[in-house]
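Lettering of chains follows the sequences in order, A, B, ..., and the numbering in each one begins at 1.
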Amino acid sequence: MQLLLESGDFLARLLQQCANGVAKGSVYALVAVGYTMVYGVLQLINFAHSDVYMLGAYFSYYPARWLGYMPDGAEKPKVPLYVLGLAFAFAVTACACTGMLIERLAYRPLRNASRLAALITAIGVSIFLQNAGQMVFTSEVKSFPRYVDQTSVPLGPIAVANTSLIIVVVAALMVGGLHLFVQRTRTGAAMRACSHDMRTARLMGVNVNATISLTFAIGSAMAAVGGMLIAMDQPRLTPTMGLLMGLKAFVAAVLGGIGSIPGAALGGLLLGVAESVVGTWNTTYADAVAFVALIVVLLVKPSGILGKAGREKV
Amino acid sequence: MADPVLQLADVNVYYGAVHALRGVSLRVDEGEVVTLIGGNGAGKTTTLATACGLLRPRSGTVTYRGRDLAGVPTHKLVAQGLVMAPEGRGIFPNLTVEENLMLGAYSRRDKAGVAADLRRGFELFPRLAERRKQRGGTLSGGEQQMLSIARALMARPRLLLLDEPSLGLAPLVTQAIFATIDRINKEGVTILLVEQNANMALRHSHRAYVIETGEIQFSGPSAELRTDPRVKAAYLGEG
Ligand SMILES: Nc1ncnc2c1ncn2[C@@H]1O[C@H](COP(=O)(O)OP(=O)(O)OP(=O)(O)O)[C@@H](O)[C@H]1O
Ligand SMILES: [Mg+2]
């Protein structure tokens, strides 16, 4: 009887961890999509993507602050819904523009240069954004506004935070919507065409530069949403908050098969769940899961779970 | 006299230090099929790429319907009717046959017209209709060539640039492709055709240019060139 109870406990705890992992993994997926789309079109690992994620969190912090919902010292007041909408719109737009700007200024001039040159530039942009973040936002931890009050929602034998539910729903809608967009629309077909062969895409009348800009805009907007969602769940902002997230999202993209949007989703979820489950036993090992996963994938199937060996992208 | 559809005047094109086109001049008039023949590396593909703006001449001019094309990006030319079916067919293997075709109509906004042209394309190439949901990469070489031409037609070209449509095809398929070229031309599309199969190209064109090492060697009506000893020796495997 005692044993049964214990194993029931254990199962519930495992389920609980899986649920937490799904929420975490959903954000990995949101951010991973940006890596995967850019890689699909340009074969470039956009290191600056993790910093766009960080910017997304800050950009969704400021609207509430500007409108006076962040008094110093005092208890933070609840932010009304319209401000939340405003913050969302602002973060998404500002990050999309940032992403397009990065492509226009840093990557486009190197479109025909060696891949190594582009890669080094990407690292440079990332360092630049982190330092600009330190200067503008200061390195002091900022506490995120009270957009949503955390409550616990019972779900069968377990209970999940309402923020976790929001994260999962929003991420699923966005990644699913993006997948449909890429697979079903004319613009999506143009993106897939560019990822295979830009020269021929141009012969079809596709404006390749505009399509690449759009790719960056979409990926950055998704990262912005990821940043905002994480900040709701863990309301602490720092200019270096993108580092670990970027790394894990990148691993998620590789794990699922870089270039594939469903792959990014799958990789994100797998990684999130694996981390949470490992975290049940030992929290310090949780962060190592990503590295182990990366090594295993690169050894066993470098093209990732859903990746094709060929040049199938996006 | 009306403006030619396409005119290259004293065009020089370089790949870095490689001087690929040396003072090339040619013209294509409304309603014509003009062929450009020459051996490997003669500069045929380079000529077509320059005509549609993928490459920019270092000197000389390219005019399309009387307008200088300097600075006009390739993707805008498609909407104006200058369309190329590239060497090696350029099929997107990850897209279905139908998606490939619809991409050909990317610049067009007239949904009804596009739908009608899609049906026409399938009439012209019934094989493609059977395979419309299949990925482009799974088609045979001949089917891919049909798809490449059908896709170019989806843009409603006024000038169609074809780069070696018979490359790697069996004789029967080659004949079918050339019959299609005749038919497209009869329906009013002007064509500039690059070929290594000089025999077929000269039978299915009005005029021809011969290019070697980036220079136009000579030109004339195709019927005359077919009996020209220089052509016979070098390109028709006779004499
Ligand atoms: N990207 C490039 N960089 C450098 N040289 C090039 C490039 N593309 C073509 N060339 C050179 O330019 C010349 C003309 O090439 P082009 O592709 O136009 O020949 P072609 O007549 O189409 O030949 P083929 O019948 O084999 O297709 C060749 O000498 C080729 O080596
Ligand atoms: Mg060629």
Side-chain angles (χ1 to χ4, degrees), chain A residues 36-37 39-43 104 108 111-114 178-215 257-264 303-304 306-314, chain B residues 15-16 45 48-49 51-55 72-109 111 114 135-138 144 147-157 160-163:
Chain A
T36 238
M37 287 176 75
Y39 187 87
V41 176
L42 294 181
Q43 284 80 56
R104 184 69 192 81
R108 195 178 301 178
R111 187 88 50 83
N112 298 316
S114 75
L178 179 66
H179 179 66
L180 287 181
F181 173 77
V182 168
Q183 293 300 324
R184 299 281 167 81
T185 66
R186 173 175 165 278
T187 311
M191 291 171 100
R192 285 184 286 147
C194 284
S195 87
H196 179 73
D197 175 358
M198 285 189 202
R199 185 181 151 108
T200 306
R202 209 167 264 141
L203 291 176
M204 303 293 109
V206 174
N207 184 341
V208 169
N209 282 335
T211 307
I212 292 173
S213 278
L214 181 69
T215 306
I258 196 146
S260 153
I261 290 172
S303 56
L306 296 184
K308 309 221 167 61
R311 274 181 46 94
E312 164 80 352
K313 304 280 166 48
V314 178
Chain B
Y15 293 104
T45 299
L48 291 194
C52 69
L54 285 175
L55 292 171
V72 184
T74 300
H75 66 89
K76 287 199 175 149
L77 290 173
V78 178
Q80 296 171 29
L82 203 175
V83 180
M84 170 146 103
E87 185 172 25
R89 297 141 196 164
I91 298 308
F92 298 107
N94 46 339
L95 271 60
T96 65
V97 166
E98 188 168 337
E99 282 173 335
N100 267 283
L101 287 168
M102 291 308 285
L103 214 53
Y106 185 79
S107 307
R108 293 173 58 184
R109 294 286 173 191
K111 277 198 173 156
V114 171
R135 281 176 184 253
T138 65
Q144 288 196 9
L147 179 54
S148 178
I149 293 176
R151 185 177 65 180
L153 292 177
M154 288 299 292
R156 287 242 171 120
L160 181 58
L161 310 177
L162 293 173
D163 197 346

All N/O donor-acceptor pairs, side-chain side in residues 72-81 of chain B, below 3.5 Å, sequence neighbours left out:
| residue | atom | partner | partner atom | Å |
| --- | --- | --- | --- | --- |
| B:Thr74 | OG1 | B:Cys52 | O | 2.9 |
| B:Thr74 | OG1 | B:Gly53 | O | 3.3 |
| B:Thr74 | OG1 | B:Leu54 | N | 3.4 |
| B:Gln80 | OE1 | B:Arg67 | NH1 | 3.2 |

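Across B:Glu99 and A:Arg192, no two heavy atoms sit closer than the pair OE2-NH2, 2.8 Å. Heavy atoms only, all atoms of each residue included: B:Phe92 and A:Asp197 are closest at CE2-O, 3.8 Å. A pairwise comparison of heavy atoms in B:Ser107 and A:Gly205 identifies OG-CA, 3.7 Å as the closest pair.
The number of heavy-atom neighbours closer than 6.0 Å to CZ of A:Arg186, taken from other residues, nucleotides and ligands shown, is above 12. When the shell of 6.0 Å around CZ of A:Arg108 is examined, it contains more than 12 heavy atoms from other residues, nucleotides or ligands.
Counting only heavy atoms from C-beta outward, the side chains of B:Arg151 and A:Met204 approach each other to under 4.5 Å.
In this structure, chain A has a heavy atom under 4.5 Å from the backbone of B:Ile91, while its side chain stays farther away. B:Met84 touches chain A through backbone and side chain together, each having a heavy atom under 4.5 Å away.
Here the CG-OH distance, from A:Leu203 to B:Tyr106, works out to 14.0 Å after rounding to the nearest 0.5 Å.
When each of A:Ala193, A:Ala189, A:Ala190 is checked for heavy-atom pairs under 4.5 Å with chain B, A:Ala193 comes out on top.
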